[in-house]
Structures are given as structure tokens and as C-alpha cells.
Peer 1: 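Before I ask anything, let me first share the structure, which is written out below as C-alpha cells.
None of the values given here were measured: they were computed from a predicted structure.
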Amino acid sequence: DGSRAEMCGNGIRCVAKLVHDRGIVRSPEVRIETDAGLKTVRVFLRPDGLVGEAEVDMGPPILERGRIPFRDGGDPAKPAIQVPIEVLGRTFLLTAVSMGNPHAVVRLDVEGSPPPGRDAPLPLAEVPLAEWGPRFERHPFFPDRTNVELIAVRSRREIDFRVWERGSGETLACGTGACAALVACVLNGWCDREATVHLRGGDLRVRWPDGGSVLMTGPAVEVYGGEWRDR
């Protein structure tokens, strides 16, 4: 919708690949200024010398309600973990995380998360995200709107994931959202501190090794090139 995001975890890997592959930066570590602060990206080269993967130091997650921002009436200095939120007449439990931009992480594959009239949790593939997403995004609890991650936990080290991005709708992948999902899983005791997040557009490996910075690793691929002519 033309609104400006503070940070994009997938986009920053692509920028690092571009500047390294084009010889603008030769160092294996690329420092990139974003609206969420300075981020360091470490690139990993393929045998042909071009970047194949990149690891982004996303910085520590922001968990205090007041800084996300998340306003449900709770203590602004405290995290929001498994907080009830009503959307379309149904109550969900969300964990709020900021990775420089706000995220609402909701686990769907647990008891207590079935849709009305059903006895089992709704599979991710069947979620009416086009219907739910806008209501989460613009919920009054999120004064700056929010990204929404709906997850199912396969194991201690694997997470399935769909995302509704603020201002964009459903997308195939969200790097900051994958990081927020892992942080939420760790806070709730659902996952280890390192896991593979399975997104519709591919997999990301996310680590939160010591409660400090979140590290995200994934591919970067040049799909096409072109020339912009300003006439």
C-alpha cells in the first residue's frame, strides 16, 4: 500500500548479494543501514564466487509492550506472551514481538485453537488468511498496525508458517516474521533456540543462541537484471 517498513529480512539478504556480486563491497561482512538500525550481513559464496546464502544479524528482539508497540492494557514494560485477542468473534492467543517492526505470532496447531464449530485445530493451508489478516493487522492493540504470523510446530526444530504482512497482504516469505516466530516459540517453550522455518517461498534457518541477537540464514538468488532509464 506504499507504507514504509522499518526492516525487511529477505530484502536485506538480496541487497547484500547485489553489492557483493557487483564488487561494490568486497568484505564477507556487509553493514547495511535500515530504519531499524545498522544490520550486519555475512555472505557465503558459491564455487563461482557469487553469493549463495547470507546470514543476517537481526539484533535482539524487542519484547516490551510499550516498544513493540502493543497496547492491550498490560504493563508497557512487560512482554506480551499468549495474550487473548478477539478477531472476527473468535479468541486467539498471541505473542507480540518486534524485530524492528511489529509482529503478532499465533500458534494454531494446539488444543484450544479450533475455529467455531470444529473439534480440531484448523490446518495452516485452510486458514482464511485474506479474511483474518486485515483484522489482526489493524487491531486496536497495535497502534502502528502489525505483521501476523500463523504457525504450526512440527518439532523442537521445525516450524510451519504463513504470514500476512502489514501493508502488503499474504506473502510467500517474511524474514523478520520468521525470526519473530522462533522467538515466540522459545518464549513459550515450544522450540529450541535454533530451528528451520518452513515458509511458502522456501526455508530459513533461525537462531537465537543466547537470548541476544537473532541470526537468520537463507538464500539470495538473482532472478533477472535490467536497466532503468530515467526519461
Side-chain angles (χ1 to χ4, degrees), residues 5-9 34-39 56-87 90-113 121 132-133 135-166 174-197 199 204-216:
E6 297 89 346
M7 168 62 184
C8 176
T34 77
D35 283 359
L38 188 66
K39 306 297 180 185
V56 186
D57 183 338
M58 303 288 285
I62 296 168
L63 302 177
E64 300 93 338
R65 281 175 165 87
R67 295 178 61 205
I68 289 172
F70 178 73
R71 297 177 184 163
D72 66 330
D75 187 339
K78 297 289 183 64
I81 300 174
Q82 293 296 82
V83 174
I85 184 172
E86 186 170 314
V87 173
R90 179 175 175 222
T91 299
F92 297 83
L93 297 177
L94 72 78
T95 297
V97 178
S98 173
M99 293 303 308
N101 54 354
H103 295 271
V105 182
V106 177
R107 183 176 178 182
L108 291 183
D109 64 325
V110 290
E111 186 178 351
S113 64
W132 292 3
R135 302 301 184 94
F136 275 104
E137 178 186 346
R138 298 180 178 276
H139 195 281
F141 285 178
F142 291 95
D144 293 343
R145 298 189 290 164
T146 189
N147 301 282
V148 186
E149 287 75 41
L150 303 180
I151 66 168
V153 178
R154 287 194 197 181
S155 70
R156 298 288 305 178
R157 297 177 71 90
E158 289 186 277
I159 303 165
D160 290 330
F161 174 105
R162 284 181 69 184
V163 61
W164 179 274
E165 292 201 56
R166 179 181 56 167
C174 177
T176 56
C179 295
L182 177 74
V183 169
C185 285
V186 171
L187 293 174
N188 284 285
W190 300 329
C191 284
D192 296 338
R193 288 189 171 271
E194 181 172 352
T196 298
V197 183
L199 307 98
L204 291 172
R205 303 190 304 278
V206 184
R207 296 185 289 137
W208 190 25
D210 55 6
S213 286
V214 179
L215 303 172
M216 176 195 64

Peer 1: Are there over 12 heavy-atom neighbours, none belonging to Arg156, within less than 6.0 Å of that residue's CZ?
Peer 2: yes

Peer 1: Of the non-hydrogen atoms in Glu149 and Ala180, which two are nearest, and what is the gap between them?
Peer 2: OE1-CB, 4.5 Å

Peer 1: Please name the pair of heavy atoms, one in Met99 and one in His103, separated by the smallest distance, quoted to 0.1 Å.
Peer 2: N-CD2, 4.1 Å

Peer 1: Please determine whether a side-chain nitrogen of the Lys or Arg among Arg65 and Asp75 lies less than 4.0 Å from a carboxylate oxygen of the Asp or Glu.
Peer 2: no

Peer 1: Could you pull out all residues at least two apart from Arg67 that satisfy salt bridge (Lys or Arg N to Asp or Glu O under 4.0 Å)?
Peer 2: Glu64

Peer 1: Quick check: do Val206 and Ile159 have side-chain heavy atoms less than 4.5 Å from each other?
Peer 2: no

Peer 1: Under the salt bridge (Lys or Arg N to Asp or Glu O under 4.0 Å) rule, collect the residues that match up with Arg193, sequence neighbours excluded.
Peer 2: none

Peer 1: Do Phe161 and Leu204 touch side chain to side chain, with heavy atoms closer than 4.5 Å?
Peer 2: no

Peer 1: State, yes or no, whether a side-chain contact exists between Ile85 and Val83 at a heavy-atom distance under 4.5 Å.
Peer 2: no

Peer 1: With no hydrogens and no angle check, is any side-chain donor or acceptor of Asp72 less than 3.5 Å from a backbone partner on Gly74?
Peer 2: yes

Peer 1: For Phe141 and Pro84, work out which heavy atoms get closest and say how close.
Peer 2: CE1-O, 3.7 Å

Peer 1: Donor-acceptor check, side chain of Thr146 to backbone of Glu137, threshold 3.5 angstrom: yes or no?
Peer 2: no

Peer 1: So, Thr176 versus Asn147: side-chain donor-acceptor pair below 3.5 Å or not?
Peer 2: no

Peer 1: List in chain and number order the residues that pass salt bridge (Lys or Arg N to Asp or Glu O under 4.0 Å) with Glu6, two or more places apart in sequence or in another chain; answer none if no residue qualifies.
Peer 2: Arg166

Peer 1: Considering non-hydrogen atoms only, spot the tightest contact between Asp192 and Val186 and give its length.
Peer 2: O-CG2, 3.5 Å

